[in-house]
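Beneath this line is the structure, given in structure tokens, with notes to follow.
The structure presented is a predicted model; accordingly, all values stated were derived computationally and were not measured.
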Amino acid sequence: MTELIAVITITLLAVVSPGPDFAMVTRNSLLLSRRAGVLTALGIGLGVLVHVTYTLVGVGLLILQSLWLFNAIKLAGAAYLVYLGVKMLRSKPAGELNATQAVPLSDLAALRTGFLTNALNPKTTVFIVSLFLQVVRPDTPMGVQIGYGLFISMAHIAWFALLALCFSSGAMRARLLGVRHWIDRAFGGLLVVFGALLGLASGSR
């Protein structure tokens, strides 16, 4: 019971802390649609399962012990965030959008964005691996550990889906869509900063 409470508490604290996941869900919900925001949240939850899976098979420990492998993940994550951020920074006012730019994000693209944002996030790597190494006992049955992993994934989905529902409310979106290019640029700048910090942090854990 103590282990379960610890897993739940640490997971909830980690989920609500701001980061790239928060930025992507908020941006897609505000500027695109509720559906895009919820699918981004679902992609984030699926990304969590990637971290849980390699942790349960022991690869997570290898990643933390191998500096070059851990840094490779950091750099991949940093590059992806900077790529997304630069795309958003190039956002134009509504009057300058052409037909191609006005097309909403497809369901698969929204899902993929959430998935890659989380799956390439080394902070999630550290969180998941540390949780299973320091909180979950070695003699905890594998079925229970899998249950913990599913809970962590579902907690991410639930929290970010809730954010998507809140930020996609009609009144809020109606007021903000007129300045959507500035919001896009703000979130783009935020992602570039996240990516730059990850890149500069290479070589440390």
- Query: If you group Ile, Leu, Val, Met, Phe, Trp and Tyr by side-chain heavy-atom gaps below 4.5 Å, do Val126 and Leu13 land in one group?
  - Reply: no
- Message: If hydrophobic clusters are built from ILVMFWY residues whose side chains come within less than 4.5 Å, do Val38 and Val48 share one?
- Response: no
- Where Leu32 and Ala36 come nearest, the two heavy atoms and their spacing: CB-CB, 4.0 Å
- If you look at every heavy atom in Gly37 and Ala164, which pair is closest and at what distance? C-CB, 3.5 Å
- Provide the full list of ring pair (Phe, Tyr, Trp, His ring centres under 6.0 Å) pairs with a residue in residues 8-51, sequence neighbours left out, each pair given once. His51-Tyr54
- Can you tell me how far CG of Leu56 sits from CG of Leu49, rounded to the nearest 0.5 angstrom? 10.0 Å
Exercise answer: donor-acceptor pairs, residues 149-158 side-chain atoms, under 3.5 Å, sequence neighbours excluded:
residue: Ser153; atom: OG; partner: Gly45; partner atom: O; Å: 2.8
residue: His156; atom: ND1; partner: Ile152; partner atom: O; Å: 2.8

- Item | Worked check of side-chain contact (heavy atoms from CB on, under 4.5 Å) between Phe167 and Asn28 | CA-CA 9 Å; Phe167 283 106; Asn28 286 351; over 6 Å; no
- Sorted by chain and residue number, the side chain to side chain contact (heavy atoms under 4.5 Å, CB included) partners of Val16 (sequence neighbours excluded) come out as Trp159
- Task: Please determine which of Thr140, Val7, Leu4 meets the side chain to side chain contact (heavy atoms under 4.5 Å, CB included) test together with Val135.
- Result: Val7
- Item | hydrophobic_cluster_shared for Met142 and Val50, side chain cutoff 4.5 Å | yes
- Message: So if I apply the side chain to side chain contact (heavy atoms under 4.5 Å, CB included) rule between Leu39 and each of Asp107, Thr113, Ile44, which one comes out positive?
- Response: Asp107
- Message: Quick one, Val136 with Tyr148, criterion side-chain contact (heavy atoms from CB on, under 4.5 Å). Give me CA distance, side-chain angles, the key distance, then yes/no.
- Response: CA-CA 9 Å; Val136 180; Tyr148 289 158; 3.8 Å; yes
- Item | Nearest heavy-atom neighbours spanning Thr55 and Phe132 | CG2-CB, 3.8 Å
- Task: Identify, with sequence neighbours excluded, every residue that meets side chain to side chain contact (heavy atoms under 4.5 Å, CB included) alongside Leu108.
- Result: Ser106, Arg112
- Residues that Ala14 engages under side chain to side chain contact (heavy atoms under 4.5 Å, CB included), provided they are two or more places apart: Phe127
- Note on the structure: Residue pairs meeting side chain to side chain donor-acceptor pair (under 3.5 Å), one or both in residues 10-21, sequence neighbours left out, come to Asp21-Asn118
- Task: Check Ser168 against Ser33 and note the closest heavy-atom contact, atom names and distance.
- Result: CB-C, 4.4 Å
- Item | Pair listing, salt bridge (charged side-chain N to carboxylate O under 4.0 Å, His left out) test, anchored in residues 4-18, at least two apart | none
- Task: Hey, could you give me each pair passing salt bridge (charged side-chain N to carboxylate O under 4.0 Å, His left out) that has a residue in residues 135-150? Not counting sequence neighbours.
- Result: Glu3-Arg137, Arg137-Asp139
- Could you list the residues that satisfy side chain to side chain contact (heavy atoms under 4.5 Å, CB included) with Leu111, not counting sequence neighbours? Leu42, Leu46
- Query: Would you say Thr117 and Asn121 make side-chain contact, with heavy atoms under 4.5 Å?
  - Reply: no
